[in-house]
There are 2 protein chains.
Amino acid sequence: MTHHGLMIDDIDRRIIRLLREDGRRTVSDIAIEVGLTVAPVKRRIDRLESSGVITGYTAQIDMTKMDSALEAVVELRVAGNLDLEMILAVAEDVPEITEVLALAGDPDAIARIQAENIHDLQRVVNLLRTNGRVTGTKTLVVLDSWSRYG
Amino acid sequence: MTHHGLMIDDIDRRIIRLLREDGRRTVSDIAIEVGLTVAPVKRRIDRLESSGVITGYTAQIDMTKMDSALEAVVELRVAGNLDLEMILAVAEDVPEITEVLALAGDPDAIARIQAENIHDLQRVVNLLRTNGRVTGTKTLVVLDSWSRYG
DNA sequence: GCTGAAATGCTTGGACG
DNA sequence: CGTCCAAGCATTTCAGC
């Protein structure tokens with residue numbers, strides 16, 4: 001059996017690491033770092049993007065620095081097999097839900113919520129609970145957070 | 001009591017949303033979107049960065065598209081009061097740990113791990129368990145994931 | 001796969017109303 | 001907040017090895 005994914009070499013890995021550390025690094029800066037010229041680095045980044053390894057770029061936000069911002073993690077338990085689509089059917093339309101993970105174990109999934117206040121949070125949790133196959137939730141308010149690439 | 005944080009108005013919020021959707025958007029593009037010129041938008045972004053609302057920019061990576069990549073969530077239970085620094089003392093030196101959340105409730109914290117394989121995962125979980133005040137862990141392998149800004 | 005060069009456009013800083 | 005200007009870079013594309 002051969003690789004089904006893309007071939008990723010060490011230079012690709014270094015490019016990925018550099019772009020994780022700073023998603024706004026310029027191509028020419030990266031080129032210097034990895035010891036190539038701009039053109040091949042640009043081609044590699046384009047390939048990583050179009051093949052879905054790099055799915056996008058985003059600004060990292062410290063919600064605690066904003067007025068009345070609240071982050072929470074909601075553990076979800078689901079009847080029967082979990083397919084992520086079921087949760088996403090709700091999540092995509094609720095802007096407060098920023099991320100969903102389907103898990104092997106208990107809980108079956110985790111949703112992350114960024115709400116303006118506790119009432120917003122309650123509303124979003126209720127939306128998740130309303131989903132027919134969600135049998136239970138546990139909401140955990142985030143007190144502090146750290147991210148490697150933040 | 002007055003606001004301790006920065007004053008963030010609606011335009012700031014739109015800028016943040018645009019940069020979350022695409023962290024590489026140009027200032028001039030954002031200026032068009034929010035109906036201002038480049039100079040004030042640049043000033044706002046600089047202010048959001050230096051005040052710590054925007055903590056950085058990063059590329060979003062789909063680990064499943066790379067060879068042998070595995071993501072997991074580890075729930076942590078801790079003796080006594082949790083201060084995040086305690087966990088971070090371990091996490092910062094372990095590149096597989098990408099994020100740590102301190103929570104109000106049970107579990108006391110969550111760590112996210114990106115490992116090459118199951119042995120890497122085991123090693124990292126053991127590093128966390130070795131911390132004197134971690135009394136228990138539960139490891140959940142991520143089967144599928146979705147992120148709004150990804 | 002790579003280098004190198006040219007045209008275009010963006011960014012950054014400053015001065016000013 | 002806006003405009004304008006100017007210098008410096010980055011991006012992008014197109015050649016060629």
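In what follows, every chain begins at residue 1, and chains take the letters A, B, ... in the order their sequences are listed. Please read all numbers here as calculations on a predicted model, not as lab measurements. Excluded from the calculations below are hydrogen atoms, water molecules and symmetry mates; all remaining heavy atoms, backbone and side chain alike, are included.
Rounded to whole Å, atom C1' of D:dC1 lies 13 Å from atom CZ of B:R47. In this structure, CG of B:D10 is placed 14 Å from P of D:dC1, rounded to the nearest angstrom. Distance A:E49 CD to D:dT11 P: 12 Å, rounded to the nearest Å. Distance, A:D9 CG to C:dC2 C1': 14 Å, rounded to whole Å. In this structure, CZ of A:R43 is placed 5 Å from P of C:dG1, rounded to the nearest angstrom. The CD1-C1' distance, from A:I11 to C:dG1, rounds to 11 Å in whole Å. When rounded to the nearest whole Å, the span between CG of A:D22 and C1' of D:dA10 equals 14 Å. We find that CD1 of A:I45 is positioned 13 Å from P of D:dA10, with the value rounded to whole Å.
In this structure, A:L128 is not a member of the same hydrophobic cluster as B:V73, with clusters built from ILVMFWY side-chain heavy atoms closer than 4.5 Å.
Under a 3.5 Å cut-off, the side chain of A:R25 and the backbone N or O of A:I15 do not form any donor-acceptor pair.
Smallest separation of non-hydrogen atoms from B:W146 and A:E99: O-CG, 3.2 Å.
In this structure, A:K42 reaches the D:dT12 phosphate: one of its side-chain N or O atoms is under 4.0 Å from OP1 or OP2. Taking 4.0 angstrom as the limit, A:T37 places a side-chain polar atom (N or O) nearer than this to OP1 or OP2 of C:dT3.
For B:S28, counting side-chain heavy atoms from C-beta on, the closest listed nucleotide (C:dC10, C:dG4, D:dC1) is C:dC10. Here C:dC2 is the nucleotide among C:dG13, C:dC2, C:dC10 with the atom lying nearest to any side-chain atom of A:L36. For B:V27, the side-chain atoms get nearest to C:dT11 when compared with the rest of C:dT3, C:dT11, D:dT11.
The line from CZ of B:R14 to CZ of B:R44 is 10.5 Å long, rounded to the nearest 0.5 Å.
Both A:R44 and A:R24 lie close to DNA chain C; mapped to their nearest nucleotides by heavy-atom distance, the more 5′-ward contact belongs to A:R44.
Checked for salt-bridge contact, A:D46 and A:R43 miss the test: no charged N lies under 4.0 Å from a carboxylate O.
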